[in-house]
Colleague: 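Take this structure, written in structure tokens, and hold onto it; I'll ask about it next.
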Amino acid sequence: MTDLQGDNVVRRRLVGLLLATVVAAATLIPLSTPASAATTVCALYCDTRDPSLARQDTFPVPTKDLNGRQLKLHVSDADDMAWASIDGGTAGDSVWIDRSWDGGTTWDGLLGKASVPGTWTGTRTLMYNITDPGNRKRGLVRACGDANTVGCTNWVYPTVCDTLCDGTDPGQAAGDDQPVPSTTIYGRTVRLHVDQKNSMAWGSIEGGGAGDEIWLDRSWNGGTSWPDGSSLGRTGTPSGSTATRTKMFATRDPRGLLYGGAVRACGREAGHNEGSCTAWVRPAPTRGRAAADALMASYDPYEGWWKSSWWNSAATLTALIDYAKTSGTHDYDWVIARTFDQNKGIFPAGVRSSDAIEGNFTSRAIDDAGWWAIAWLDAYDYTGDARYLNMAVTIANYVQGYWDPSTCGGGVWWDRERTYKNAVTNGQYLWLTAALHQRISGDTVWLQRAKTAAAWYKSSGMINSAGLVNDGLTSACANNGSTVWSYNQGLAIGGFLELSKATGDTSLLTTARTLADAAMSSSQLTRNGVLTESCDVGSAACDDNQKQFKGIFMRHFRELAKATGSTAYTSYIQKQSDTIWANDRTSLNALGERWAGTSPNQTDWRTQASALGAITAAGG
């Protein structure tokens, strides 16, 4: 079959027409039926974005000559998007994008199909996403055109590259770790090897003979599916040998906004068709990178949050920013802007929260708004972008509106209905007011609010005689004796510490240290040296809110350790990280609620973010 005939077979495949017999180019059925619309993909932006808005215009694959026309694939890595153009043509020439999710075996065709109009000599498509991180799918795209013959450019980015690229020889590996047990098949041993430093992997088969095969599978969704990563590096044992290995393959695709790819090694004995595979593994170049990459597997870039918990998403974004600041990575910077842009508006009840979100991250739940203010202050510190500081001020002013000295002498209400004054909302308020003062030049208003908040908090009775923070106050303005939660303890530590930094008042630092010492010594929060909630004990289970409390504590405890230089505090922090890593981690780097690793344990993105907070506190 000639190249021309092959291109036209592709053409018929795209539009679903039956091509019975190809005799010559002149006999081909005209293209008349468009392909069915492909599902719209959103990452940093959504499909069909105008190319004039692209932040880059590069040409990573060669231009295709199409009957004298120039068919080009344009790529903006900064946007993770591509578009196609055709030039030097005549009216009726057309151009489109193909996108494949299985390595080029099949594809969605005719994306953005555009025809050269009137007396023009060229045209272009709109932009389309190359990959789909929201659905954990890695894509390939190419430009195709029709100018009295159909042709396409090469697929872009068939090779995954991180620090190293697919196909690198294992001899260049920085190490050879075998994190899961090998598997056997007909006396052969199949092993998965990992270069942890570079997040690369390869497979080997040994103890066999000629014709035995070894390969890797790679999945972007933790091993649920692997359409573009099946049989990578498939290699046969050569004659006269008893073993062989694959090349190395990457498990991270930062260009495609895909992190935490999982791999497994599979092998087959020459005389049988069936194979055997190891368990799936995500490499762990560092504890923090492993935890953050696994956390990103749950981020939804379409809606810009971790579904489906509103305040938890704010705390999770804060944990991710803290890790980025500590580690120096910029892989996840795009998440900050995406989360901000997708969530600053208005949402009916049931869309983001059981409450309506009323714009600027506010709702009837005052503490929910407070978590977002904390997140945007953290984003401002990291990026220097004033819009995040401005949003934090907007939210803090909203929270300030619920400071009410007519009840209990002060304090912020937990909800718009003014039913409860509790530790979480007032801990947030103390930290926010002190933090805003330090970030707004010439401020006196927020400083005075912080001083008033600190004095009220200390006298409110929420801190009990053991130096632990109970959940809140009764209607009679007394300590209600409710559960001591780690995040309330942490917010109080952070609030008093932040105001101490702002004022130099050492008595505030002393209060923060008293709270920290109580947390370490009390069995209500620490057992066998490990931070432990009451719902971590016995057969209890933590709810979705409680799953994230410990990471918030660790964030503020870390700041106290830095401020004081206390070796007792730094040792405590390291203990949490070490315990999580040794006892509370799966081969996919999923981190659970019970840092001591006891059962029954719970694991989801909330527990992941909480554990990331502890790992970041220890330096990542």
Colleague: Under 4.0 Å between a side-chain nitrogen and a carboxylate oxygen: does that hold for Lys501 and Glu559?
Modeller: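 Yes, Lys501 and Glu559 are salt-bridged.
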
Colleague: Are a donor atom and an acceptor atom from the side chains of Arg606 and Thr316 found within less than 3.5 Å of each other?
Modeller: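 No pair is found: no donor N or O on one side chain lies under 3.5 Å from an acceptor on the other.
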
Colleague: Will you find, in the side chains of Tyr382 and Asp333, an N or O donor that is under 3.5 Å from an N or O acceptor?
Modeller: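 A pair is found: one side chain offers a donor N or O, the other an acceptor, under 3.5 Å apart.
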
Colleague: With Asn528, which residues qualify under side-chain hydrogen bond (donor to acceptor under 3.5 Å, both in side chains), at least two apart?
Modeller: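 Asn528: no side-chain hydrogen bond (donor to acceptor under 3.5 Å, both in side chains) contacts found.
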
Colleague: Centres of the Trp372 and Trp310 rings: under 6.0 Å?
Modeller: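 Aromatic pair counts; centres sit under 6.0 Å.
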
Colleague: Under the side-chain contact (heavy atoms from CB on, under 4.5 Å) test, which residues partner Asn479, sequence neighbours left out?
Modeller: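 Here the qualifying residues are Asn464, Asn470.
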
Colleague: Return yes if a side-chain donor-acceptor contact under 3.5 Å exists between Asp578 and Gln574, otherwise no.
Modeller: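 Side-chain D/A pair, Asp578 to Gln574: present.
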
Colleague: Would you please name every residue forming a side-chain contact (heavy atoms from CB on, under 4.5 Å) with Ser76, sequence neighbours left out?
Modeller: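 With sequence neighbours excluded, Ser76 shows a side-chain contact (heavy atoms from CB on, under 4.5 Å) to Ala54, Arg55, Gln56, Ala78, Asp79, Trp83, given in chain and number order.
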
Colleague: Is there a donor-acceptor pair under 3.5 Å between the side chain of Gln489 and the backbone N or O of Val484?
Modeller: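 Looks like no, no N/O pair under 3.5 Å.
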
Colleague: Hey, does the side chain of Ser500 reach the backbone of Phe496 with a donor-acceptor pair shorter than 3.5 angstrom?
Modeller: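 Side chain of Ser500 to backbone of Phe496: no pair is present.
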
Colleague: Apply side-chain contact (heavy atoms from CB on, under 4.5 Å) to Asp162 and list each qualifying residue two or more places apart in sequence or on a separate chain.
Modeller: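 With sequence neighbours excluded, Asp162 shows a side-chain contact (heavy atoms from CB on, under 4.5 Å) to Ser199, Arg252, Pro254, given in chain and number order.
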
Colleague: Looking at Tyr429 versus Tyr402, is the centre-to-centre ring distance below 6.0 Å?
Modeller: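 That pair fails the under 6.0 Å test.
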
Colleague: Passes side chain to side chain contact (heavy atoms under 4.5 Å, CB included), Trp595 versus Thr607? Steps please.
Modeller: CA-CA 10 Å; Trp595 293 355; Thr607 68; over 6 Å; no

Colleague: Between Arg594 and Asp584 (salt bridge meaning N to carboxylate O under 4.0 Å), is one present in this structure?
Modeller: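 Asp584 and Arg594: not salt-bridged.
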
Colleague: Flag the pair Tyr420 / Trp413 as yes when their ring centroid distance falls below 6.0 Å, and as no otherwise.
Modeller: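 Between Trp413 and Tyr420, which both carry aromatic rings, the centre distance is not below 6.0 Å.
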
Colleague: When you compare the side chains of Ser599 and Asn601, does any donor N or O come within less than 3.5 Å of an acceptor on the partner?
Modeller: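 There is no such pair between these side chains.
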
Colleague: Using 4.0 Å as the upper bound for N to carboxylate O, is an ion pair formed by Arg338 and Asp300?
Modeller: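 No, this pair does not count.
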
Colleague: Kindly say whether the aromatic ring centers of Tyr388 and Tyr380 come within a distance under 6.0 Å.
Modeller: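 Centroid distance Tyr388-Tyr380: not below 6.0 Å, so no.
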
Colleague: Does the pair Lys550/Glu533 count as a salt bridge with the N-to-O cut at 4.0 Å?
Modeller: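 Looking at Glu533 together with Lys550, the answer is no, because their closest N to O distance does not fall below 4.0 Å.
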
Colleague: Are the side chain of Asn221 and the backbone N or O of Ser225 linked by a donor-acceptor pair below 3.5 Å?
Modeller: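 Yes; at least one donor-acceptor contact below 3.5 Å.
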
Colleague: Indicate whether any N or O donor in one side chain lies under 3.5 Å from an N or O acceptor in the other, for Thr598 and Asp536.
Modeller: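 On atom types as modelled, these side chains do not qualify, holding no pair under 3.5 Å.
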
Colleague: If we ignore angles and hydrogens, is there a donor and acceptor under 3.5 Å between the side chains of Tyr569 and Asp517?
Modeller: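 Looking only at side-chain atoms, Asp517 and Tyr569 do form a donor-acceptor pair, the distance falling under 3.5 Å.
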
Colleague: So, Lys451 and Asp505, do they make that salt bridge, N to O below 4.0 Å?
Modeller: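 No.
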
Colleague: Got a sec, which residues hit side-chain contact (heavy atoms from CB on, under 4.5 Å) with Arg527, two or more places apart in sequence or on another chain?
Modeller: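 Thr532, Val537.
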
Colleague: Can a cation-pi geometry be assigned to Lys421 and Trp414, taking NZ or CZ under 6.0 Å from the six-membered ring centre and within 45° of the ring axis?
Modeller: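 The answer is no; the distance or angle limit is not met.
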
Colleague: Can a salt bridge be assigned to the pair Asp293 and Arg282 using a cut-off of 4.0 Å between side-chain N and carboxylate O?
Modeller: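 Looking at Arg282 together with Asp293, the answer is no, because their closest N to O distance does not fall below 4.0 Å.
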
Colleague: Please check if any side-chain donor atom of Gln400 sits under 3.5 Å from a side-chain acceptor atom of Asn397, or the reverse.
Modeller: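 Judged by distance alone, the side chains do not pair up.
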
Colleague: Got a salt bridge between Arg255 and Asp331, using NZ or NE/NH1/NH2 to carboxylate O under 4.0 Å?
Modeller: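 Not counted as a salt bridge, because no side-chain N and carboxylate O are separated by less than 4.0 Å.
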
Colleague: Can the ring centres of Tyr398 and Phe361 be said to be less than 6.0 Å apart?
Modeller: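 No, the ring of Tyr398 stays outside the 6.0 Å limit from the ring of Phe361, centre to centre.
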
Colleague: Assess Arg352 against Trp305: is NZ or CZ under 6.0 Å from the centre of the six-membered ring, and within 45 degrees of the ring's axis?
Modeller: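 Satisfied, under 6.0 Å and within 45°.
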
Colleague: Look only at the side chain of Asp415 and the backbone of Arg418, and say whether a donor-acceptor pair between them is shorter than 3.5 Å.
Modeller: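 Confirmed, Asp415 side chain pairs with Arg418 backbone.
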
Colleague: Using a distance-only test with no angle check, is there a side-chain donor-acceptor pair under 3.5 angstrom linking Trp376 and Asn390?
Modeller: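 No.
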
Colleague: According to salt bridge (Lys or Arg N to Asp or Glu O under 4.0 Å), does anything in residues 423-445 pair up with another residue at least two apart or in another chain? List the pairs.
Modeller: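 Residue pairs passing salt bridge (Lys or Arg N to Asp or Glu O under 4.0 Å), neighbours aside: Asp381-Arg439, Arg439-Glu498.
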
